[in-house]
Amino acid sequence: MEIYTCFITTTVIIPDVNGCVLHDEIWVRPDLSKDLEFVNSILELCREIESEDAKLVMATRKGREALLAMGLDDSGPYQQTMELRNQHFHQWLLNRG
């Protein structure tokens, strides 16, 4: 989710066996929703972000396929090279209470 002063956008990545589906939702402040030039610029920005997300998902998928071909598996709740900090942060949150 990305929150700006005039709009909010969320992108949900739904994995599939052969790829993924990206679902975007955009909320524009009511007083700006009638400005078509503004709305179109937001849509263009969201398409650019969606394209970047799709490239990342496909690169991750290809990397995991290459690992599986070598008999290795790097799947799980955390992708080691990119999300290792998340594991420590989530553990810290759990230990706080």
Shortest non-hydrogen contact from C46 toward T9: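 That closest heavy-atom pairing would be SG-OG1, 3.6 Å.
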For the student: nearest non-hydrogen atoms of L32 and V39, plus distance: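 That closest heavy-atom pairing would be O-CG2, 4.0 Å.
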[atom2] on [Y] to [atom1] on [X], rounded to 0.5 Å:
X	Y	atom1	atom2	result
E52	K55	CD	NZ	7.0 Å
I8	I3	CD1	CD1	5.0 Å
M70	L67	CE	CG	4.5 Å

Heavy-atom check, side chain of E65 versus side chain of L68, under 4.5 Å: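 With C-beta onward as the side chain, the pair stays apart.
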Connected via hydrophobic side-chain network under 4.5 Å: L43 and I49: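 Yes, L43 and I49 fall within the same hydrophobic cluster.
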For Y4, all residues meeting ring-ring contact (aromatic ring centres under 6.0 Å, His included), sequence neighbours excluded: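 Y4 satisfies ring-ring contact (aromatic ring centres under 6.0 Å, His included) with F7 only.
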Residue pairs involving residues 30-50 (criterion side chain to side chain donor-acceptor pair (under 3.5 Å); sequence neighbours excluded):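 Pairs touching residues 30-50 that pass the test: R29-D31.
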